[in-house]
Structure formats: structure tokens, C-alpha cells
Amino acid sequence: MAATPYLSVHAIQKHYGPVAALPGVDLDVERGAFVALLGPSGCGKSTLLRILAGLLDAEGGAIRLDGQDITGLPAWRRDIGLVFQNYALFPHMSVRENVRFGLDMRRITGAEAEARVDEALALVGLDKHLSRRPSELSGGQQQRVAIARAVAIRPRLLLLDEPLSNLDAVLRTKVRLELRELHDRAGLTTIMVTHDQAEALSTADRVAVMQAGRILQYDTPQALYGAPATAFVAGFIGSPAANLLPLSAAGPDAWLLADGSRWTPPATLAPGSAGVADRGDYLMALRPELLSLGERSPDGLPATIKAVEFMGGDRLVHVDVAGCALTARLSAVDRLPDSREVSLRVPEQLPLLFEAGSGAAARRSRVTNNKI
Amino acid sequence: MKPLNTFLLIAPAALLMLGVFLVPFLLLAVLSLWTLKPGTLSLDTSLTLANYARLFGDTYYLGSLWTTLWMSAVTTLACLILGLPLAQWIVRRAGRARGLLIGLVIIPMVCGALLPTLGLVNLLGPLGVVNGALKSFGLITSSLPLLGRPIGVIVGLVQAFLPLMVLPLITSVERIPLDYEQAAMSLGARRVTVWRRVLLPLMLPGIAAGGLLVFCASLTAFVTPQILGQGKVVTFASLAFQQASRVLDWPFASALAMVMLALLLVVAGLGAAVARFARRQA
Ligand SMILES: Nc1ncnc2c1ncn2[C@@H]1O[C@H](COP(=O)(O)OP(=O)(O)OP(=O)(O)O)[C@@H](O)[C@H]1O
Ligand SMILES: [Mg+2]
């Protein structure tokens with residue numbers, strides 16, 4: 001075991017009435033790391049963030065920050081910066097007054113306060129309209145002010161709750177790069193909540209994938225994509241996410257598909273070489289970008305093309321395989337077969353298998369380049 | 001819509017306002033410039049400021065004006081002090097009970113001044129609940145004179161007009177997202193500081209509106225001071241009533257009413273200015 005982590009969250013619990021929003025969350029964050037909490041709406045991301053900030057009391061568990069137990073510490077003594085989804089800028093204060101608020105609370109005044117305000121505003125690249133009220137700013141400008149306000153207190157931890165969700169698509173891509181730069185330049189430790197995986201994968205060092213109040217996998221973006229720990233993660237990461245094809249093993253060389261038809265794949269994809277039991281139900285994760293289509297052939301998966309979506313650089317081909325809807329992503333230059341009745345070719349690189357019931361990985365990919 | 005149509009639409013309401021409010025006010029204004037012929041009840045219709053001179057030259061009337069003003073100010077302040085935490089509590093903490101509580105706040109407003117005030121007579125009287133309790137705890141030996149004193153009148157005014165303060169305050173608290181408070185806390189503000197630096201400034205429009213309503217209502221209140229003051233606390237409104245219905249000096253009563261009206265206008269102007277200032281801040 002290495003040195004204790006900078007932030008350690010242990011067995012944090014939170015119930016709303018009888019419903020467990022967080023049944024017991026563990027999370028370790030290294031000093032200087034940028035961590036993303038990624039998960040669908042309502043999975044408890046904001047709840048966890050508010051508990052970290054001290055705005056919500058956990059019912060059990062402990063939080064340690066930089067060697068200090070902060071579990072019972074009130075929010076105003078935590079030195080944790082928080083950026084709200086709707087920014088929550090004080091409407092009766094100017095931009096400068098907003099940014100200076102946290103410094104006022106720390107009794108930092110005069111020239112030093114002004115210098116720190118300028119520094120924070122420079123970090124987010126805001127040098128105009130500083131005496132305006134928040135309501136006179138654009139959404140992007142408001143977001144910068146909110147970040148500057150949180151950064152000005154030199155927080156021990158910066159928490160961002162969906163900071164980009166109110167921005168338009170173009171600005172969002174730009175700002176997420178800026179956020180990462182800001183984090184590096186200011187030497188912050190950051191936790192960002194998001195339900196946009198592109199945001200999480202592109203910005204964070206480590207991503208915690210949450211579902212129903214649990215962290216399913218906490219890993220680097222590369223590992224999440226290449227070696228998802230559960231079927232949920234595989235079906236969540238990637239755009240479009242991996243297809244999950246239900247199968248059951250029918251002896252060492254053949255699978256039964258959902259409609260009962262038999263599929264005898266190339267030897268490397270057979271249950272025998274996948275190292276799973278001869279009987280049992282599985283989900284095979286198939287990355288859309290690794291699939292290809294061809295004429296009907298005996299070892300390919302029999303598929304029917306349902307629809308083709310033109311996306312610019314590539315095409316999404318929606319097919320039906322034994323009653324299951326799958327998606328393949330083909331380059332726009334790839335030729336589609338003439339007939340709608342095609343074969344879906346699965347790369348012979350041992351796709352990931354998950355147990356159908358639990359969703360747990362049945363077998364890890366042995367390939368080193370971490371592709372399914 | 002064409003201007004003519006709009007005019008037709010507001011015409012009935014405008015006529016009603018004209019008949020019910022403007023005309024009586026104008027009559028009042030003219031009446032206040034007339035006088036009674038000495039020793040009679042017949043009117044001298046030559047225009048003069050004699051009534052106003054009499055009013056402002058007599059310490060009895062000025063004293064009554066002063067009493068009314070300071071009692072209204074204290075009532076407003078008391079309503080504010082009670083109303084601020086009450087409104088915040090109803091909006092933020094009450095949860096399910098909120099609708100019920102707002103209902104309870106409104107009740108004194110809709111059941112008229114008489115019933116609650118008579119209740120207060122029982123509460124504050126020499127043999128009332130308050131004196132009884134104080135005596136049984138051995139804190140006092142003889143009853144405190146609460147009725148017939150400004151303190152009793154103020155208690156009555158506060159209970160009658162608290163809703164006028166609480167309702168605008170509730171509206172203004174409702175408009176403040178919880179996030180503002182939480183953002184302030186995460187920036188290092190204690191509860192008191194959150195309240196002083198964030199909540200109070202944002203509640204200013206509500207405070208101005210509530211204060212204005214309570215002050216004006218207290219200034220013109222008649223029934224409550226009459227009953228709880230027991231004739232010993234003479235407010236401006238009861239003075240006007242006396243002059244009109246007992247002394248039958250309608251011109252002088254009109255002058256009193258006109259002074260009150262002018263005061264109301266000044267206060268309303270001040271309140272509107274504060275509200276406008278607060279809105280510009282927000
Ligand atoms: N005050 C509350 N009372 C009752 N239930 C709540 C409350 N706040 C949140 N919840 C529930 O707790 C769960 C987690 O909520 P949370 O706000 O943490 O989700 P989230 O992951 O942030 O979602 P989103 O991406 O939509 O913001 C949700 O199912 C939600 O319905
Ligand atoms: Mg949320």
C-alpha cells in the first residue's frame with residue numbers, strides 16, 4: 001500500500017427516505033489529479049459532491065483530506081471550492097465582488113485581495129465587464145466567474161457539478177480543454193461531475209463510473225474503454241457504446257443466439273477458447289467501431305440492415321441480429337453490401353464476455369492493446 | 001388592441017375608482033378648507049387653512065400624530081423581526097406543513113380586526129392570561145397595565161398586520177435559490193454571514209413591500225387602537241373619528257384625514273424608492 005491518498009472517501013452512505021442514494025461509496029484521489037464522476041442522471045453524483053463539500057451530511061463513512069478528517073467539518077471551514085451547475089453567482093454583487101467574496105470571508109483585504117481577484121480572473125481568462133452584474137453576462141462568462149470565484153480561495157479541492165452542461169456544444173469542447181489547463185496551471189486537485197462521457201474521458205486522469213449510487217469502475221479512460229469491468233460500463237462507455245449481444249454457450253464451439261439459432265464462430269471466438277463454461281448465458285461486448293459488414297458467410301453473424309445514419313466522417317449502420325438491435329460504425333468510404341441480408345464480422349480478437357445475470361466480466365481480454 | 005377598445009375595457013373599473021375613491025378624496029380636500037361657524041354646526045364655505053393651523057398649533061393633536069407615527073414604526077420593526085425568521089422557516093424548513101402555515105398566517109387578515117382584538121383584551125387585561133401567568137409565577141404582585149397603553153396597542157397591531165409583512169417576505173425568500181446560500185457557505189461564510197451578505201440584500205424588495213404595508217396599515221388602523229387603547233391611547237385615526245362623529249366637526253376631521261393621506265403618500269414614495277433601489281441591486 002502506497003502513502004495514504006490526498007482525498008480518501010470511505011463507505012459514505014446517504015439515504016433519501018428508504019431509498020439509498022449512496023449505499024456506501026469509496027473513492028481515493030491523488031494530489032493533483034483530475035477525476036471525473038461519470039454516470040447517468042440520478043445515480044448520486046451530485047449527492048456525493050455535496051457531501052464532499054459539506055453541504056449535505058452523510059449518514060455513515062468518513063472523508064479524509066490531506067491527512068485531516070473532515071467528515072464532521074462544516075462547509076465553511078473545509079476550503080473546498082464548488083462550482084454549481086447553474087453557477088449560483090450572487091445576483092446583487094458585481095463580478096469582482098463575487099470573486100472577492102471568499103477572500104472577504106478569510107479577512108483578506110486591500111491590495112492583496114485585489115491581486116488575488118485579478119489572479120483568479122486571469123486564470124479563467126476574464127478581463128472585461130468586471131463591474132457588471134452576473135445577469136448582464138453570457139452563460140460562458142458566468143461560468144468563468146463561477147470558476148474564478150471557487151479558485152480564488154485557493155481550494156484544497158475543486159468540485160465541479162456539470163460545469164459545462166449549460167454551454168453550447170462548440171463552447172463545451174473548448175472550455176473542457178481550458179478547464180484541464182487551468183487545473184494544471186493552478187496545481188489543483190479536481191473532481192468533476194458529468195454525464196457526458198466525452199467530457200470525462202477527454203479531460204480526466206481517472207474516471208469513476210457510477211450507477212445507482214455505486215462506483216462500478218474507477219480507472220483511467222483507456223482502461224475503461226479497453227477493459228470495462230462490467231457489462232454496464234461496456235454499455236456506457238464509447239460513442240456509440242459497445243453493443244451487448246446476449247448469447248448462451250452450446251458446447252465448446254458454438255453459441256446459441258437469442259432467437260435460438262446456432263452460431264458457429266471462428267475458433268478464437270468460440271466458448272471453448274473464450275474459456276467459459278460450456279453452458280451459461282453471457283453478454284458479448286462488441287465495439288461498433290470494430291465491427292464490419294460483409295456478404296452472408298457461415299462464420300459471420302447473420303444480420304439484417306435496418307437503417308443507416310450518415311454522420312459525416314462515418315456511418316452508423318443499425319442491424320438486427322437474432323432480434324437484437326446492434327450498431328456498427330463504418331467509415332464513410334467503406335462500401336455497404338448490396339443486400340440487406342448481411343454478415344456481421346466480429347474481430348477475431350477475443351471480445352469481452354460478461355455473465356448475463358450479474359454483468360460481471362466472465363473473462364478479461366488477453367490482447368495487450370486493450371481492444372475488445 | 002386599438003386604444004379605443006382598451007379604453008372601453010377599463011372604463012367600468014375607471015368609473016368605479018373615480019366614483020368611489022377620487023371624488024370622496026376631492027370632497028374631503030375641499031371640506032378640509034371649510035370651517036364650522038363658531039358655536040354652530042353650519043358650514044362656513046369660505047376657503048381657509050384655519051383647520052390646518054389649528055392642527056399644527058395644538059400640542060394635543062401633534063402629540064397624537066407623534067404617538068401614531070412611533071407606534072406604527074415600532075409595529076413595523078416588530079413585524080420585521082418576527083417575520084424574517086418566520087418567512088425563512090416556512091419556506092426552507094416547514095416542508096409538508098408549509099401550505100397549512102401559510103393558511104394560518106393569512107387567517108388574521110381575513111377574519112377582520114374585531115375578533116382577534118377582543119381575544120387580546122382577554123389576554124392582556126388586568127385579569128387576563130398574561131397577568132395571571134406572571135402573577136402565578138410570582139413575578140409580579142399587581143397586574144401590569146397593558147391595556148390602555150401603547151404597548152397593548154402595539155401588540156394588537158403586530159398580531160393584526162404580521163401577515164402583511166410575512167407574505168411579501170415569503171415571496172422574496174422563495175425567489176432565492178438554495179444554491180446561493182450553499183455557494184456562500186462553500187466560500188467560507190458562516191450562517192450569520194450568509195444571512196447578512198446574501199439573504200438579507202436579496203430580501204430587500206420584500207422587506208420594503210412588507211414594511212410599507214404594515215406601516216401604512218398601522219398608521220390608519222382604527223379598531224385595534226380603539227379597543228386596546230381604551231380611549232387612553234389617542235391615535236390620529238381615532239382623533240378623526242371623534243371629530244367627525246362625536247364633535248361633528250367634519251371640516252376639521254377632513255383636515256386630519258388629509259394630513260394622514262399626505263403621510264401615506266410620503267411613506268409610499270419612500271417605500272417605492274427603497275424597492276426600486278433593491279431591485280437595481282438584485
Ligand atoms: N432532496 C432529495 N430528496 C429525495 N430524493 C433525492 C433528493 N435529492 C436527490 N434525490 C434522489 O437521489 C438520487 C441521486 O440524486 P443526485 O442529484 O445525486 O443525482 P445526479 O447523479 O446528480 O443526477 P443528475 O445527473 O440528474 O444531476 C436520485 O435518484 C434523486 O431522485
Ligand atoms: Mg446532479
Side-chain angles (χ1 to χ4, degrees), chain A residues 17 46 49-56 70 73-94 97-108 116 120 133-136 142 145-162, chain B residues 80 84 87-89 91-99 168-211 271-282:
Chain A
S46 297
L49 215 63
R50 274 163 198 274
I51 289 173
L52 287 178
L55 300 174
L56 206 59
I70 62 166
L73 211 59
W76 60 273
R77 289 181 55 196
R78 288 198 183 191
D79 281 326
I80 292 181
L82 179 57
V83 176
F84 291 76
Q85 186 170 350
N86 52 13
Y87 315 138
L89 295 174
F90 306 129
H92 57 301
M93 299 184 195
S94 72
E97 285 166 343
N98 263 283
V99 177
R100 203 175 46 220
F101 187 87
L103 302 176
D104 290 350
M105 297 302 113
R106 286 162 181 72
R107 309 209 180 290
I108 301 170
R116 295 247 319 240
R133 306 246 176 227
S135 57
E136 298 161 341
Q142 288 183 25
V145 179
I147 294 174
R149 185 176 68 176
V151 170
I153 65 169
R154 300 201 176 134
R156 296 194 286 174
L157 192 63
L158 179 63
L159 305 176
L160 307 166
D161 195 350
E162 311 214 18
Chain B
L80 187 64
L84 278 172
Q88 241 162 307
W89 191 82
V91 175
R92 295 283 196 242
R93 300 281 163 84
R96 232 170 264 241
R98 182 170 154 170
L169 287 182
I170 284 180
T171 316
S172 69
V173 179
E174 268 172 342
R175 286 177 43 199
I176 305 174
L178 207 55
D179 285 356
Y180 291 170
E181 292 168 52
Q182 301 196 328
M185 274 193 272
S186 80
L187 290 167
R190 301 157 188 245
R191 285 224 158 270
V192 192
T193 320
V194 174
W195 200 79
R196 191 171 55 80
R197 295 274 319 254
V198 179
L199 290 180
L200 208 55
L202 293 177
M203 285 167 74
L204 218 50
I207 293 174
V274 171
R276 197 164 39 238
F277 170 76
R279 232 180 298 282
R280 199 149 4 100
Q281 293 291 299

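Computed from a predicted model, the values in this text were never measured in an experiment. Just so we're on the same page: letters track the sequence lines, and every chain starts at 1. All heavy atoms count here, side chains included; hydrogens, waters and symmetry mates do not.
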List the atom pairs, with distances to 0.1 Å, where a side-chain N or O of residues 149-158 of chain A and a protein N or O form a donor-acceptor pair under 3.5 Å, not counting sequence neighbours.
unit_1 : atom_1 : unit_2 : atom_2 : d
A:R149 : NH1    : A:A88  : O      : 3.1
A:R149 : NH1    : A:N98  : OD1    : 3.2
A:R149 : NH2    : A:Y87  : O      : 3.3
A:R149 : NH2    : A:A88  : O      : 3.0
A:R154 : NH2    : A:E119 : OE1    : 3.3
A:R154 : NH2    : A:E119 : OE2    : 3.4
A:R156 : NE     : A:R78  : O      : 3.4
A:R156 : NH1    : A:Q68  : OE1    : 2.9
A:R156 : NH2    : A:Q68  : OE1    : 3.1
A:R156 : NH2    : A:R78  : O      : 3.2

Open item on the list: What part of B:R191 gets within 4.5 angstrom of chain A, counting heavy atoms only: side chain, backbone, both, or neither?
Closed with: neither
- [ ] Taking all non-hydrogen atoms of both residues into account, name the closest pair between A:M105 and B:G188 and its distance.
- [x] CB-O, 3.6 Å
Task: Side chain / backbone / both / neither for A:L159 at chain B, heavy atoms under 4.5 Å - done: neither
TODO: Taking heavy atoms only and a threshold strictly under 4.5 Å, list by residue number the residues of residues 170-182 of chain B that touch chain A; give 'none' if the list is empty.
DONE: B:D179, B:Y180, B:Q182
Open item on the list: List the residues meeting side-chain contact (heavy atoms from CB on, under 4.5 Å) with B:A94, not counting sequence neighbours, and say none if there are none.
Closed with: B:W89, B:R98, B:L101
Task: With A:R106 via side-chain hydrogen bond (donor to acceptor under 3.5 Å, both in side chains) - residues at least two apart - done: A:D79
TODO: Decide yes or no for A:W76 and B:T193: does some side-chain heavy atom of the first lie under 4.5 Å from some side-chain heavy atom of the second?
DONE: no
TODO: Check the surroundings of atom CZ in A:R77: do more than 12 heavy atoms from other residues, nucleotides or ligands lie under 6.0 Å from it?
DONE: no
